Amino acid sequence: MPLAEHSVFRRPAKEQVLWRYMNFPKFASMITTKTLWFSNMHTLSVDDPYEGILPAGNYAHRQWNNEADVPQKKLNDIKRGSFIGKGGDINSDIKAYKALLDNEVDEAYNARKENYINCWHISSYESASMWHIYGERQFGIAVTSDINSIAKAFNATKEEIFAGSVDYIDYESETLDMSNGFIPALHKLLSFGHEKEMRLLIWDFSDSEMDVLFPLNGTLRVMKGERPKAERDKIDPAPGKAVRCDLSELILGIYVSPASPIWFEDAVRSFCELARIDKRIVRSDLLAGPVR
C-alpha cells in the first residue's frame, strides 16, 4: 500500500536525504527479517514522558471555575457553541465544555497506545550527535533513504503508513490545536530538536475495539465499536511491530560508524554480502583529522 496522505503530515522534499542510525544488532535484525521496527509510542514514553501527550496549554481549562476564569476567545466559542442551553446558564455550559476538553486529553493519552512509529533523521549530512546517541559509538550503522524510496519499500504492505516531519515546541507554554487526533504524535519537546525527525506512523486501534450489536434494517449486526474508557485505560500495548518492506528499495546507502575499528567495517561488508545486500557501504570520515 502506498504511503497514506493526510493534511497534518508534512513530508520532506523528494530529494531530501533521510538517515536511520542504529547499533549493529538492530541493523542485522532489519536485514535478516526484511522488516522495519515500529515502536509503540506508549513504550517510548519511558524515555520521553511527553511523547504523544498534550502541552500545558491544553490543561488550562482545569483552572476554570467560573465565567471570569475563561479567556475571552474561549468564552465566545462556548457562547456560540452547542453547549448553550444544556444547563440553563453559562457556568453549566462551561462545565460541559471542560468535559469536552478533558476528553481530548484522555483521547491523546490513549492514542499513544495505538500509535507505532519508525523514526528517521532529516539532514543532508551526517550528525555527530545521532551517531553518539543511536549508533552506540563504535559499532553503529546508519542507512540512508528518501521519501520516495521509503514509499516504494512499503508498496506491498497492507498497513496504512503515514509519514511526516515532527515539530518541536515548548510544552510548558504552548497549546496544540486538537482538530485532528494525529497532531500530538507529530510534536515533541524542544530539547529533542537536534533529532530533526521524520516519523513513519501506523495507527492501530484494534486493541481499543470490541464487537457490538447494532440494529440495521430490523436486524442486529455485529460491528466494531470503541471499548469503554476504563477498559482502554488498562490496555498494555505491544512494544512494537515489525513491518515487512523491500530493503532493495528502502536502502540507498550504508554508513559505518566513524569511531568503529577497521575490522568492524570488514565484518559489515561480509555480512551484507552474505545477506545479498548490494548497496554502497561507506566508512564515515566524520572523525578524520583536519587538513594540515
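Being a predicted model, the structure only gives us computed values, none of them experimental. Each residue takes its place number in the sequence, starting with 1.
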Side-chain donor-acceptor pair under 3.5 Å between [X] and [Y], yes or no?
X	Y	value
Trp19	Glu126	no
Ser206	Asp204	yes
Arg283	Ser260	yes

Residue list, ring-ring contact (aromatic ring centres under 6.0 Å, His included) with Tyr59, at least two apart or on another chain:
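Once residues adjacent in sequence are excluded, Tyr59 has no partner under the ring-ring contact (aromatic ring centres under 6.0 Å, His included) criterion.
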Got a sec, which residues hit ring-ring contact (aromatic ring centres under 6.0 Å, His included) with Phe38, two or more places apart in sequence or on another chain?
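Checked Phe38 against ring-ring contact (aromatic ring centres under 6.0 Å, His included); zero matches.
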Counting neighbours of [atom1] on [X] that are heavy atoms of other residues, nucleotides or ligands and sit closer than 6.0 Å, is the number greater than 12?
X	atom1	answer
His132	NE2	no
Lys241	NZ	yes
Lys152	NZ	no
Glu273	CD	no

Can you label the angle between the Tyr97 ring and the Trp64 ring as parallel, tilted or perpendicular, going by 30° and 60°?
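Ring orientation, 0 to 90° scale: parallel.
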Validation row, ring centre Phe192 to ring centre Tyr50 under 6.0 Å:
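Not close enough - the centres of the two rings lie 6.0 Å or further apart.
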Ring centroid separation for Trp120 and Tyr134, is it under 6.0 angstrom?
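Ring centres of Tyr134 and Trp120 not closer than 6.0 Å.
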Using a strict 4.0 Å threshold on nitrogen-to-oxygen distance, state whether [X] and [Y] make a salt bridge.
X	Y	result
Glu67	Lys95	no
Asp146	Lys14	no
Glu107	Arg112	no
Arg62	Asp102	yes
Lys26	Glu136	no

Residue among Lys188, Arg10, Lys196 satisfying salt bridge (Lys or Arg N to Asp or Glu O under 4.0 Å) with Asp167:
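Option passing the salt bridge (Lys or Arg N to Asp or Glu O under 4.0 Å) with Asp167: Arg10.
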What closest approach, in Å, do Val256 and Glu265 show between heavy atoms, and which atom pair accounts for it?
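Heavy-atom minimum between the residues: CG1-CA, 4.3 Å.
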What residues form a side-chain contact (heavy atoms from CB on, under 4.5 Å) with Asp233, not counting sequence neighbours?
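For Asp233 the side-chain contact (heavy atoms from CB on, under 4.5 Å) partners, ignoring immediate neighbours, are Asn110, Lys229.
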